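Each remark here refers to the structure printed beneath this line.
Here the structure is a predicted model, which means the values were calculated and not measured. Naming: A, B, ... by sequence-line order, numbering from 1 per chain.
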2 protein chains.
Amino acid sequence: MDRVHDSVDEHVARWAARWDGNPAFAPEVEGAITRMQLLLRVKNRRDTAAFLGEEDFTREDYETLHALMVQPYPTEATPTQLAESVRVTKASMTGRLARLERAGLITRETDSDNRRRVLVRPTQAGQDAWDHYVHEGMRREQDILRGLTDKELVQLNTLLRKAVRGLE
Amino acid sequence: MDRVHDSVDEHVARWAARWDGNPAFAPEVEGAITRMQLLLRVKNRRDTAAFLGEEDFTREDYETLHALMVQPYPTEATPTQLAESVRVTKASMTGRLARLERAGLITRETDSDNRRRVLVRPTQAGQDAWDHYVHEGMRREQDILRGLTDKELVQLNTLLRKAVRGLE
DNA sequence: CTCAAATAGTTCGTCAACAAACAATTTAGT
DNA sequence: ACTAAATTGTTTGTTGACGAACTATTTGAG
């Protein structure tokens with residue numbers, strides 16, 4: 001069967017040669033993990049590049065703003081909630097929010113019901129910025145998987161879903 | 001068709017509701033990207049955790065050592081080659097190599113044929129460390145995809161390969 | 001009611017990444 | 001052969017992440 005090859009096949013072949021016969025090495029696992037890493041690394045690189053031209057607005061800023069816009073209770077969250085959502089420490093979130101506030105994309109207001117808490121809300125400019133970038137982001141995601149037909153995308157999800165369920 | 005669902009299905013459903021009818025949103029793309037991110041994030045978290053107990057040996061150190069051991073021309077490379085392989089700047093690689101050298105896992109020697117270059121080689125201790133951790137790493141990779149059968153892994157690679165080729 | 005414990009957010013000190021400037025060396029045009 | 005350009009690795013200054021210590025506020029046990 002002369003299937004068409006990609007760059008990862010070469011990597012796996014080299015790797016297999018080195019581990020020749022060692023049952024600890026699973027070529028199909030190595031291939032799948034490596035390919036997923038490759039696809040997401042390309043996406044990541046493009047996402048970052050998309051924000052490089054912007055003044056005072058980074059990929060991290062977008063990520064934070066996104067977490068805020070996507071909250072179940074929309075357009076209002078505390079720094080701790082956002083930190084958990086984005087998986088950074090509260091300390092880092094303090095810095096991120098300071099930047100976004102300085103850029104006029106969010107407001108920070110102490111909650112009058114519990115004066116330890118801070119309520120974070122997007123400004124209109126923040127909502128507009130998110131709206132703009134979320135569209136571009138979806139286009140980039142679709143481009144990453146442009147090699148697959150609709151039917152193949154469904155098959156891919158069926159397999160990935162099973163893998164995810166194996167972990168949950 | 002009452003397929004079995006995973007956590008990502010909920011995310012996609014919420015997302016689809018928000019973008020109701022908007023053709024810019026592609027649910028199967030969103031699902032596939034999100035699932036790949038989830039799987040690799042779990043792997044990443046576990047990899048990092050596996051090195052937390054170690055004194056003076058981090059995930060980054062392993063990554064660098066790994067790049068060195070995997071060079072086509074094995075067990076010898078220049079800092080620039082390693083930097084490109086790991087995708088960090090040369091400046092960062094200088095710091096990483098200094099750490100590995102301090103830990104006695106590599107040596108740095110100026111190339112007598114071209115005195116601008118530095119040849120990096122693993123010590124025996126470095127090779128032993130890599131050998132140990134690469135086995136554990138493969139076990140973790142296989143565990144990430146334990147939900148899939150061998151046949152499904154092949155199918156997954158067929159689809160991912162096509163996606164990768166779409167980018168190459 | 002009072003005071004210790006818990007909680008929310010910020011500040012501080014450290015670490016590693018980056019980009020840009022730099023020093024040393026090699027390559028190439030004339 | 002000589003010098004300008006390119007290449008290789010390191011140094012420097014800045015940035016953002018982290019954990020731990022800290023401040024302010026709320027909760028709860030007696």
What is the distance, rounded to the nearest whole Å, between atom CG of L100(A) and atom C1' of dG16(D)? 13 Å
Which whole-number value in Å describes the distance from R59(A) CZ to dG16(D) P? 14 Å
Between F25(B) and W15(B), what is the ring plane arrangement, given parallel below 30°, perpendicular above 60°, and tilted in between? perpendicular
Answer with yes or no after comparing the ring centroid distance for W19(B) and H135(A) against a 6.0 Å cut-off, counting only values under it. yes
In whole angstroms, how far is the C1' atom of dA16(C) from the CZ atom of F57(B)? 17 Å
Please state how far atom CG in D111(A) lies from atom P in dA24(D), giving the value in whole angstrom units. 19 Å
Kindly say if R96(A) contacts the phosphate of dG9(C), meaning a side-chain N or O under 4.0 Å from OP1 or OP2. no
Reading nucleotides 5-14 of chain D 5' to 3', which nucleotides get B (base under 4.0 Å from a protein heavy atom), which S (sugar-phosphate only), which -? -BBBBBB---
Given that E60(A) and S112(A) both sit by DNA chain D, which one's nearest nucleotide is further toward the 5' end? E60(A)
Which whole-number value in Å describes the distance from R87(A) CZ to dG19(D) P? 14 Å
For residues T75(A) and R121(A), is any side-chain donor paired with an opposing acceptor at under 3.5 Å? no
Could you tell me if D131(B) and Q127(B) have a donor-acceptor pair between their side chains, going purely by distance under 3.5 Å? no
Does the side chain of T107(A) pick up a donor-acceptor pair with the side chain of E101(A) at under 3.5 Å? no
Distance, rounded to the nearest Å, where R115(A) contributes CZ and dT27(D) contributes P: 13 Å
Just say parallel, tilted or perpendicular for the rings of Y133(B) and F57(B), cut-offs at 30° and 60°. parallel
What is the distance from CD of E101(A) to P of dG9(C), rounded to the nearest Å? 14 Å
Could you give the CG-to-P distance, from L82(A) to dG9(C), as a whole number of Å? 9 Å
